[in-house]
Amino acid sequence: MTVPETIAQPGSGVETDTGPGRPQGVTEALRPHAEHAFADELAALAAADDRPRPARWRLSPWAVATYLLGGTLPDGTVVSPKYVGPRRIVEVAVTTLATDRALLLLGVPGTAKTWVSEHLAAAVSGDSTLLVQGTAGTPEEAVRYGWNYARLLAHGPSRDALVPSPVMRAMSQGMTARVEELTRIPTDVQDTLITILSEKTLPVPELGQEVQAVPGFNLIATANDRDRGVNELSSALRRRFNTVVLPLPATPEAEVDIVARRVEQLGRSLRLPAVPDGADEIRRVVTVFRELRDGVTTDGRTRVKSPSGTLSTAEAISVVTGGLALAAHFGDGVLRPADIAAGILGAVVRDPAADRVVWQEYLETVVRERDGWKDFYRACREVSV
């Protein structure tokens with residue numbers, strides 16, 4: 001990937017980034033790609049990295065793992081953790097990408113599959129934008145190639161008329177492609193990956209040609225545990241992947257840490273006013289989500305019913321971020337129970353009939369009796385009416 005070139009617009013006094021994925025004239029992205037947001041860390045890792053690197057990798061496998069897990073470099077540069085979880089999971093994922101097997105990140109919603117996929121691609125290839133977004137309507141062209149129909153009609157099939165997919169581009173450039181929500185893609189479209197992953201070749205029969213992958217090419221796919229039965233992967237395709245399961249955070253402390261870190265990052269990118277002393281409410285949100293998810297209170301004494309939603313870490317981050325915005329713009333600048341109550345209600349009650357009963361029962365049997373939670377109980381009761 002070429003380094004983004006920054007051009008000053010005449011007379012504007014504003015710098016415009018015209019790098020990959022950045023439309024011309026846009027000075028700042030709301031959500032920069034990983035390779036842009038953490039460019040300083042990636043550069044510091046590359047400078048300090050003296051270990052062997054696979055073909056066309058920007059960093060060694062050790063440095064890629066350090067980028068994801070965090071650490072301190074010999075020059076004192078602090079690399080922030082992008083993934084908080086078992087180290088071995090990251091090591092297996094990185095090692096898979098260094099072989100000729102593709103990587104499938106599997107897990108329930110909100111376990112950072114997309115986040116990990118993006119950062120792996122950024123660290124390995126320096127470009128996380130070679131992405132196919134899987135949906136029920138994803139066509140075969142999104143995985144293989146399409147055509148510029150104006151050129152096709154004017155001149156017939158030719159390489160100039162061919163529009164390469166992100167996967168084809170990754171093959172020809174020796175980079176990492178990404179496929180999000182693989183099990184949402186129709187089965188016949190999924191299976192177009194079989195030849196690509198086994199033979200490292202993409203035939204173009206209209207031209208009597210093929211595109212062969214060059215060293216450095218690999219593919220990361222993500223899939224949702226809850227989508228099993230939607231579009232199951234064929235056994236032939238599943239064999240082409242090494243599957244790594246991303247678990248939910250093992251402990252409340254780990255989940256609180258993840259939520260706090262991500263909320264801080266989102267708050268900076270959204271330019272929310274700083275809200276102090278939010279740790280108690282973050283821990284409260286995490287506690288509620290974990291208890292409803294696990295079906296038992298943290299002390300193990302009370303069984304509770306679980307709602308239909310996943311109540312993932314990603315949803316906890318969303319609830320707290322929304323609460324911070326409320327506290328900053330419409331409150332007194334301190335994150336309070338009233339700021340997070342509506343967000344929790346929206347996350348828990350997905351099925352208005354069944355989930356509302358679960359939530360009301362949890363409020364009355366657990367929250368109401370818990371020391372120090374009276375304000376939270378009253379706030380939740382107000383929004384639940």
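Computation of the quantities below employed the complete heavy-atom set of this structure, encompassing side-chain atoms and omitting hydrogens, waters and symmetry-equivalent molecules. In this chain, numbering begins with 1 at the start of the sequence shown.
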**Q.** side chain to side chain contact (heavy atoms under 4.5 Å, CB included) between Leu193 and Val143, intermediate numbers included
**A.** CA-CA 8 Å; Leu193 288 170; Val143 177; 3.6 Å; yes
Listing, residues 213-221 side-chain donor-acceptor contacts under 3.5 Å, not counting sequence neighbours, or none:
unit_1, atom_1, unit_2, atom_2, d
Asn218, ND2, Leu97, O, 3.3
Asn218, ND2, Thr99, O, 3.1
Asn218, ND2, Arg101, O, 3.1

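- Alongside Leu326, the hydrophobic cluster contains Phe330 (criterion: ILVMFWY side chains under 4.5 Å).
- A distance of 11.0 Å separates CG in Leu69 from OG in Ser80, rounded to the nearest 0.5 Å.
- Listed by chain and residue number, nothing satisfies the ring-ring contact (aromatic ring centres under 6.0 Å, His included) test with Phe289 (two or more places apart in sequence, or in another chain).
- Side-chain contact, Ser308 with Asp355: a donor N or O sits under 3.5 Å from an acceptor N or O.
- To the nearest 0.5 Å, the span separating CZ on Arg271 from CG on Leu266 amounts to 14.5 Å.
- For Arg268 and Gln265, the side-chain atoms include no donor-acceptor pair closer than 3.5 Å.
- Separating the CD atom in Glu264 from the CD1 atom in Ile317 is a distance of 12.5 Å, to the nearest 0.5 Å.
- Residues passing the salt bridge (charged side-chain N to carboxylate O under 4.0 Å, His left out) test with Arg151: none are found, sequence neighbours excluded.
- A donor-acceptor contact shorter than 3.5 Å links the side chain of Ser125 to the backbone of Thr176.
- Judged by distance alone, the side chains of Thr183 and Asn224 never bring a donor and an acceptor atom under 3.5 Å apart.
- Within the 4.5 Å cutoff, no side-chain heavy atoms of Leu106 are placed close to those of Val244.
- Using a distance-only test at 3.5 Å, with no hydrogens or angles considered, a donor-acceptor pair links the side chain of Lys200 to the main chain of Leu197.
- Within the structure, side-chain hydrogen bond (donor to acceptor under 3.5 Å, both in side chains) contacts touching residues 130-144 (residues at least two apart or in different chains) are Thr135-Thr138, Glu140-Arg144.
- Applying the salt bridge (charged side-chain N to carboxylate O under 4.0 Å, His left out) test to pairs two or more places apart or on separate chains, none has a residue in residues 159-175.
- Minimum heavy-atom separation, Ala44 to Thr77: CB-CG2, 3.8 Å.
- Minimum heavy-atom separation, Ala122 to Leu42: O-CD1, 4.3 Å.
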Q) Yes or no on side chain to side chain contact (heavy atoms under 4.5 Å, CB included) for Leu363 and Ser384, after CA distance, side-chain angles and deciding distance? A) CA-CA 10 Å; Leu363 281 179; Ser384 299; 4.1 Å; yes
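- In this structure, CD on Glu35 lies 3.5 Å from OG on Ser128, to the nearest 0.5 angstrom.
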(Q) The test is salt bridge (charged side-chain N to carboxylate O under 4.0 Å, His left out); show your working for Arg378 and Glu382 and say whether it passes. (A) CA-CA 6 Å; Arg378 285 193 291 268; Glu382 288 179 8; over 6 Å; no
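- A centroid separation of less than 6.0 Å is found between the aromatic rings of His119 and Tyr67.
- Enclosure of atom NZ in Lys305 is not indicated, since only 12 or fewer non-hydrogen atoms of other residues, nucleotides or ligands lie within 6.0 angstrom.
- Side-chain N or O atoms of Ser312 include none that pairs as donor or acceptor with a backbone N or O of Thr310 at under 3.5 Å.
- Not a single ring-ring contact (aromatic ring centres under 6.0 Å, His included) links Tyr377 to another residue, sequence neighbours left out.
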Q | Step-by-step salt bridge (charged side-chain N to carboxylate O under 4.0 Å, His left out) determination, Arg283 to Asp280 | A | CA-CA 5 Å; Arg283 181 169 292 278; Asp280 289 344; over 6 Å; no
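- Cation-pi geometry between Arg284 and Trp373 is met: under 6.0 angstrom from the ring centre, within 45 degrees of the axis.
- Counting heavy atoms from C-beta on, the side chains of Ile89 and Pro247 come closer than 4.5 Å.
- Linking ILVMFWY residues whenever their side-chain heavy atoms come closer than 4.5 Å, directly or via other members, leaves Val163 and Leu152 in distinct clusters.
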Q: May I have the step-by-step check of side chain to side chain contact (heavy atoms under 4.5 Å, CB included) for Leu120 and Leu103, ending in yes or no?
A: CA-CA 11 Å; Leu120 281 171; Leu103 173 65; 3.8 Å; yes
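- Put simply, CD on Glu118 and NZ on Lys113 are 14.5 Å apart, with the number rounded to the nearest 0.5 Å.
- Ala98 approaches Pro54 most closely through the heavy-atom pair CB-CG, 4.2 Å.
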Q) side chain to side chain contact (heavy atoms under 4.5 Å, CB included) between Thr192 and Leu202: does it pass, once the steps are laid out? A) CA-CA 9 Å; Thr192 60; Leu202 177 54; over 6 Å; no
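- Between Asp127 and Leu130, the shortest heavy-atom contact is OD1-N, 4.3 Å.
- Proximity of Trp62 to Asp49: side-chain heavy atoms (C-beta onward) are separated by under 4.5 Å at one or more points.
- Although no hydrogens or angles enter the test, the distance criterion places a donor-acceptor pair under 3.5 Å between the side chain of Ser306 and the main chain of Leu292.
- Counting only N and O atoms by type, the side chains of Arg53 and Ser60 include no donor and acceptor under 3.5 Å apart.
- By the salt bridge (charged side-chain N to carboxylate O under 4.0 Å, His left out) test, Arg51 is found to be paired with no residue, residues two or more places apart in sequence or in another chain being considered.
- The distance from the OG1 atom of Thr321 to the CG atom of Leu270 is 7.5 Å, given to the nearest 0.5 Å.
- Thr297 pairs by the side-chain hydrogen bond (donor to acceptor under 3.5 Å, both in side chains) definition with Asp299, not counting sequence neighbours.
- Here the shortest heavy-atom pairing between Val90 and Tyr83 reads CG2-CD2, 3.6 Å.
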Q: Go through the steps to decide whether Thr313 and Glu255 satisfy the test side-chain hydrogen bond (donor to acceptor under 3.5 Å, both in side chains), and finish with yes or no.
A: CA-CA 7 Å; Thr313 307; Glu255 191 161 6; 3.0 Å; yes
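- No donor-acceptor contact under 3.5 angstrom links the side chains of Thr222 and Glu181, judged on distance only.
- Residues in residues 239-253 take part in these side-chain hydrogen bond (donor to acceptor under 3.5 Å, both in side chains) pairs, two or more places apart or across chains: Thr96-Asn242.
- The salt bridge (charged side-chain N to carboxylate O under 4.0 Å, His left out) contacts involving residues 36-45 comprise Glu41-Lys82, where partners must be two or more places apart or lie in separate chains.
- You'll find the side chain of Glu364 reaches within 4.5 Å of the side chain of Arg381, heavy atoms only.
- Every pair passing salt bridge (charged side-chain N to carboxylate O under 4.0 Å, His left out) that includes a residue from residues 333-350 is listed here, sequence neighbours excluded: Glu315-Arg350, Asp332-Arg336.
- Here the shortest heavy-atom pairing between Val211 and Met168 reads CG2-CE, 4.0 Å.
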